[in-house]
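Before any comments, here is the structure.
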Amino acid sequence: MNYLSRRCKSILPYTAGEQPQDKSYVKLNTNECPYPPSPEVEKTIKEFDAGRLRLYPDPENKKLVSAIAARHGVSPENVFVGNGSDEVLCMCFPAFFDENDTVAYADVTYSFYKVWAHMYDVKSKKIPLDDEFKLLASDYLSMDGVKGIIICNPNAPTGTALSRLDLLKIVETNPDKIVIVDEAYGEFASASVSNRINDYPNLLVVKTFSKAYALAGARCGYALGNKALIDGLKLVKNSMNSYTVNALTEAIVIAALSDKKYYAGVIDKINAQREETADALRELGFEVLPSSSNFIFAKHKVLSGSEIYFQLKENGVLVRHFKGDRISDFVRITIGTHEEMKTLVSEIKKIIKH
C-alpha cells in the first residue's frame, strides 16, 4: 500500500545545487560567498556558551529581530525571521494564498516558486522575460486574476535587476495584491525597496544572510513588511514550528550585523570580480547577461551549456547548468575569489582550444 498523500506523490521537488564529495572542487555552483564571515562571527562562535544549547531558543528571537529592525530603520513588528529565506518564502504561500488562488512570477526565475505553489495548490501564472532576459514592469501593472506577485530582484538565475522605480510602480498599481520581492541578492545591487515597506501595505521584502553575509551554513532569512503581513507569517510559523532559528545562529547573525564595514568590503570585492570575469568571458566568445548579483549567467557562441558544465566538472570546477527551454545553453557561474575565477577562465580556455 502506498501511504503517501496525493500532493506528495505528484510534486516535483526543487533540486538544490550539487555538493559532491568525491574530490576537491573550485565550487562556483551555489552562489555561496567566497570569503569567510566577519571576524566578529568567529569570535562569537568561540565565546558561545555551549550550555545554552540544552535550552530552547527564544521562539520570538527578540534580540535578532531588534538587530535586523535597527539595521533597516523599522520597528521590530515589521520583521519576521526564519530558517533561511527559503523557509520564509515557503511560509508566504499558506499565509497569503488560498487553494486555487493564482500567483504570478517570471518564466525564468527561482524555480522553488513553482514547487511551493504546487505544494499549496496555488495556481501559477508565468510571465515571460523579454528576449534579453529582462523582466518588464509593464507586464505586471494592474494584473487581473492573480492574488499576488513574486519578483526575485536581482533575478536568479539571470542576475538581471529591475530598478527601484519600476518595482514600486508594480506595487502601486496592484494595491489589492501582495507583492513579494525576493532580495536574496539585494546587497549586490542598488534596487532594494526594503525602505518602503511602511509606505505600501501590500509590499513584503524577503532577504537572507546566506549570500553577502557568508552564512549559508547558519540558515537564517527574514521578511520586512507591515505588521499585518508579519503577523500572518507568525501565525503560519507558530502552526508549524515554534523554534525556527536556533540560539547559535541568532548569536552569529547579530554579530555579523554589527560589522557593516567588513561586509561592505566583501561586496565590493565580489562586484569588482564579477565585472572582471564577465569581461574575460566575453573575450572568449561568451554572451554574458548584465548582472547585479554575485553570479553571472553566460552562454558560449559554439559550446553548449551542458558541454561546458560537464567538462569543467571533469576538470575540478563546478558551475550550475539548468535544462529549461530558454536557458539550456547557459551556465550560471558564482563569483569566487580572484584565484578561483582565474582557474575558471583558464579551464574554459582549455575547453575552447580542445
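Fair warning: this is a prediction, and the values are worked out from it, not measured in the lab.
Checked against side chain to side chain donor-acceptor pair (under 3.5 Å), R71 has the following partners two or more places apart in sequence or in another chain: Y213. Here R7 pairs with D121 under the side chain to side chain donor-acceptor pair (under 3.5 Å) rule; sequence neighbours left out. For R54, there are no salt bridge (Lys or Arg N to Asp or Glu O under 4.0 Å) partners at least two apart in sequence or on another chain. Under the side chain to side chain donor-acceptor pair (under 3.5 Å) criterion, Y262 pairs with no residue at all, not counting sequence neighbours. Scored by the ring-ring contact (aromatic ring centres under 6.0 Å, His included) test, F97 finds F93 as partners (sequence neighbours excluded). By the side chain to side chain donor-acceptor pair (under 3.5 Å) test, S138 pairs with no residue at all, sequence neighbours left out.
A salt bridge between D49 and R52 is absent, with no side-chain N of the basic residue lying under 4.0 Å from a carboxylate O of the acidic one. By the 4.0 Å N-to-carboxylate-O rule, D130 lies too far from K134 to be salt-bridged with it. Residues K350 and E347 are paired through a salt bridge, judged by an N-O separation under 4.0 Å between the basic side chain and the carboxylate.
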What side-chain donor-acceptor pairs closer than 3.5 Å can you find for residues 225-234, not counting sequence neighbours?
from: N226; atom 1: OD1; to: A228; atom 2: N; distance (Å): 2.8
from: N226; atom 1: OD1; to: L229; atom 2: N; distance (Å): 3.2
from: N226; atom 1: ND2; to: P201; atom 2: O; distance (Å): 2.5
from: K227; atom 1: NZ; to: D231; atom 2: OD2; distance (Å): 2.7

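Figure legend: R332 and F297 shown without cation-pi pairing, the cationic atom not lying both under 6.0 angstrom from the six-membered ring centre and within 45 degrees of its axis.
A donor-acceptor pair shorter than 3.5 Å can be found between the side chains of N246 and T249. There is a side-chain donor-acceptor pair under 3.5 Å between N31 and T334. With no hydrogens or angles considered, no side-chain donor-acceptor pair links T337 and E339 at under 3.5 Å. With hydrogens and angles left out, the side-chain atoms of Y105 and S124 include a donor and acceptor closer than 3.5 Å. Donor-acceptor pairing under 3.5 Å is lacking for the side chains of H118 and Y113. Checking E40 against S258 by side-chain atom types alone, no donor-acceptor pair falls below 3.5 Å.
Without hydrogens or angle criteria, E250 side chain to L64 main chain gives a donor-acceptor distance under 3.5 Å. With hydrogens and angles ignored, the 3.5 Å screen pairs a side-chain donor or acceptor of N174 with a backbone N or O of M143.
The list of salt bridge (Lys or Arg N to Asp or Glu O under 4.0 Å) pairs with a residue in residues 88-113, not counting sequence neighbours, reads D101-K147, D107-R326. The stretch residues 210-221 participates, sequence neighbours left out, in no salt bridge (Lys or Arg N to Asp or Glu O under 4.0 Å) pair at all. For the salt bridge (Lys or Arg N to Asp or Glu O under 4.0 Å) condition, the pairs that include at least one residue of residues 288-310, sequence neighbours left out, are E287-K299. Within the structure, no pair that satisfies the salt bridge (Lys or Arg N to Asp or Glu O under 4.0 Å) test touches residues 76-91, not counting sequence neighbours. Sorted by first and then second residue, the pairs that involve residues 273-285 and meet side chain to side chain donor-acceptor pair (under 3.5 Å), not counting sequence neighbours, are N271-R274, Q273-T277, Q273-H338, D279-R282.
Atom CG of N2 sits in a crowded spot, with more than 12 heavy atoms from other residues, nucleotides or ligands closer than 6.0 Å.
Between Y185 and F295, the ring planes lie perpendicular to each other; the angle is over 60°, past the 30° to 60° tilted range. Classified by interplanar angle (parallel below 30°, tilted 30° to 60°, perpendicular above 60°), the ring pair Y110/Y14 is perpendicular.
Between W116 and Y120, the distance from one ring center to the other does not fall under 6.0 angstrom.
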